[in-house]
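Notes to accompany the following structure.
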Amino acid sequence: MEQMLLQASLVLIVSVFLWQLFRNRLNKSPLASIPGPPSTSWLKGNLGQLFDHFGWDFQDELRDKYGSVVKLESKFGQKALYVFDPRALHHILVKEYQTVYDRPTWSTGGLTFGPGLLSTTGDWHRKQRKMLNPVFSINHMRHMTPIFYDVAHKVSVPLPSMDVRIGSNVPMFCLSVRKGYQSSVAEVRRQGH
């Protein structure tokens, strides 16, 4: 009996894995007619190229070859839509935001950022935006701009004396500015009340 249960569970696990592996080939994706580059890896798809430190060349190639809407391969061969057209992004993220944001994949932002403006949706997001709108009003920003300039000037003076490291395997230098940012944020908060 135990051996039969073990065999059944093994068959179920293998079946689910094979279904996940071949379902993209069996089901026609709605993104099939959208052009895009071939995948470089089944595991990472095009995400490795897209999020590479030097991925700007790849993004320029996407724009030049395929236009402002591109089909990419995501992890495990899943199809993804990469959009960098401002009008299309406005339509997707502002006009149709209920359709986009109701997906469970957006909830991972709550784990990363907490229940803040970047990770909430619906009425809670609208309440937070309404609460923050006066802070980003033109009148308030006009008052804050001289403070930003003063603090930025004070922080930019000691930049050459900060820790500069040249990595052995990284062909660029890393500039540690965390302390400068921390002090500048504290200074802006102190002066801006």
Side-chain angles (χ1 to χ4, degrees), residues 29-31 34 36 44-56 58-60 62-63 66-159 162-163 172 174-193:
S29 170
L31 305 177
I34 298 173
K44 294 190 299 186
N46 299 109
L47 297 181
Q49 295 171 294
L50 189 65
F51 295 115
D52 186 23
H53 287 293
F54 304 103
W56 293 111
F58 179 69
Q59 292 185 22
D60 288 341
L62 288 179
R63 183 193 64 233
Y66 304 106
S68 61
V69 178
V70 181
K71 174 187 66 177
L72 294 178
E73 297 250 350
S74 183
K75 55 188 175 204
F76 305 116
Q78 294 178 339
K79 306 291 184 218
L81 190 64
Y82 184 64
V83 179
F84 47 96
D85 178 25
R87 291 183 67 198
L89 283 171
H90 181 265
H91 185 76
I92 293 168
L93 296 176
V94 175
K95 292 187 176 183
E96 298 292 328
Y97 98 103
Q98 287 291 343
T99 309
V100 175
Y101 284 112
D102 284 346
R103 297 184 180 269
T105 55
W106 286 93
S107 66
T108 57
L111 296 174
T112 306
F113 302 115
L117 186 65
L118 295 175
S119 61
T120 57
T121 60
D123 291 332
W124 185 247
H125 178 77
R126 201 172 300 116
K127 274 168 62 175
Q128 288 183 339
R129 273 188 44 205
K130 190 175 181 180
M131 188 172 49
L132 286 175
N133 272 343
V135 175
F136 294 103
S137 70
I138 292 177
N139 200 18
H140 188 259
M141 291 311 256
R142 190 177 300 126
H143 168 71
M144 293 295 289
T145 303
I147 297 172
F148 286 135
Y149 278 120
D150 290 341
V151 172
H153 181 68
K154 289 177 189 174
V155 171
S156 65
V157 172
L159 272 179
M162 289 188 170
D163 178 29
M172 67 174 129
C174 298
L175 183 63
S176 176
V177 293
R178 186 181 71 209
K179 291 179 185 175
Y181 282 142
Q182 288 173 346
S183 64
S184 63
V185 167
E187 184 68 20
V188 167
R189 290 183 71 193
R190 187 186 67 75
Q191 289 184 21
H193 305 290

Handout entry: Value rounded to 0.5 Å, distance of CE in M144 from OG in S137
Key = 11.0 Å
Exercise for the section: Decide side-chain contact (heavy atoms from CB on, under 4.5 Å) for E73 and Q78; before the verdict, give the C-alpha distance in whole Å, the side-chain angles of both, and the deciding distance to 0.1 Å. Expected result: CA-CA 6 Å; E73 297 250 350; Q78 294 178 339; over 6 Å; no
Exercise for the section: Heavy atoms only: give me the nearest V70-I34 pair and the separation to one decimal. Expected result: C-CG2, 4.1 Å
Problem - NZ (K71) with more than 12 external heavy atoms under 6.0 Å - result: yes
Practice task
Mark yes when over 12 heavy atoms from residues, nucleotides or ligands other than N139 sit less than 6.0 Å from its CG; otherwise mark no.
Solution key: no
Problem - Gap separating the OG1 atom of T145 from the NE2 atom of H140, nearest 0.5 angstrom - result: 10.0 Å
Handout entry: Approximate separation, where rounding is to 0.5 Å, of N46 CG and Y82 OH
Key = 11.0 Å
Handout entry: CG on L47 to CG on D52, rounded to 0.5 Å
Key = 12.0 Å
Handout entry: Atom pair CZ (R63) and CG (D85), whose distance is rounded to the nearest 0.5 Å
Key = 13.0 Å
Problem - Point-to-point distance, once rounded to the nearest 0.5 Å, from CD of Q49 to CD of Q59 - result: 11.0 Å
Exercise for the section: Name all residues meeting the side chain to side chain donor-acceptor pair (under 3.5 Å) criterion together with R129; count only those two or more places apart in sequence or in a different chain, and write none if there are none. Expected result: none
Practice task
For F58, enumerate each residue passing the ring pair (Phe, Tyr, Trp, His ring centres under 6.0 Å) test, keeping only those at least two apart in sequence or located in another chain.
Solution key: none
